[in-house]
J.: 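Before I ask anything, here is the structure I am working with.
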Amino acid sequence: PADFTCSKTRSGYTKLPNGLIIQWFTSNPPSANFYMVTLPIAFPNAILTAAAVKNENNNSVVIPTIDLDGSTLSQLRIAHQYSSQNAYIAGYPHLWIVIGY
């Protein structure tokens, strides 16, 4: 039988019958330049990609980046900084979509 398991919550996921898993969640960056975020569920095999929605504050765009090599199947390693000031920022949440299998 096909696995259509899903969690339709603010931090949720859906499993597709072909094995792909799509997850979404919000992260609230601390003041550190890198931080780990626990995914709604662990990927059994690999993370393929992740994308964030940019957040704006005071004419500076917060740019989160993902370190897939530093991530695990259950956590993403994320960096964030102001593009215009090249300084790290806390308190501006990002919305994420992560795809894996």
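Remember, it's a predicted structure, so these values are computed and weren't measured experimentally. All values below were derived from every heavy atom in this structure, side-chain atoms included, with hydrogens, water molecules and symmetry-related copies excluded.
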J.: From Ile22 CD1 over to Leu16 CG, what is the distance, rounded to the nearest 0.5 angstrom?
T.: 5.0 Å
J.: Using atom types as modelled, flag every donor-acceptor pair under 3.5 Å from a side chain in residues 68-78 to any protein atom, sequence neighbours excluded.
T.:
from	atom 1	to	atom 2	distance (Å)
Ser71	OG	Asp67	O	2.8
Ser71	OG	Arg77	N	2.8
Thr72	OG1	Ser74	N	3.2
Thr72	OG1	Gln75	N	3.0
Gln75	NE2	Thr38	OG1	3.1
Arg77	NH1	Asp67	OD2	2.6

J.: Apply side chain to side chain donor-acceptor pair (under 3.5 Å) to Thr5 and list each qualifying residue two or more places apart in sequence or on a separate chain.
T.: Asp3
J.: Of Leu39, Thr26, Ile66, which meets side-chain contact (heavy atoms from CB on, under 4.5 Å) against Trp96?
T.: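 Only one option passes, and that is Ile66.
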J.: Inspect the surroundings of CG in Leu48 and state if more than 12 heavy atoms from other residues, nucleotides or ligands are less than 6.0 Å away.
T.: yes
J.: As an exercise, state the distance from OH of Tyr101 to CG of Leu20, rounded to the nearest 0.5 Å.
T.: 9.5 Å
J.: May I have all residue pairs that pass salt bridge (Lys or Arg N to Asp or Glu O under 4.0 Å) and include part of residues 6-16, sequence neighbours excluded?
T.: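 Every pair satisfying salt bridge (Lys or Arg N to Asp or Glu O under 4.0 Å) with a residue in residues 6-16: there are none.
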J.: Taking Ile21 as the starting point, is it possible to reach Ile99 by hopping between hydrophobic residues whose side chains are less than 4.5 Å apart?
T.: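 Not linked; separate clusters.
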J.: Would you please name every residue forming a side chain to side chain donor-acceptor pair (under 3.5 Å) with Thr49, sequence neighbours left out?
T.: none
J.: List in chain and number order the residues that pass side chain to side chain contact (heavy atoms under 4.5 Å, CB included) with Pro40, two or more places apart in sequence or in another chain; answer none if no residue qualifies.
T.: Ser11, Tyr13, Gln23, Phe25
J.: Applying side chain to side chain donor-acceptor pair (under 3.5 Å), name anything that partners Trp24, two or more places apart in sequence or on another chain.
T.: none
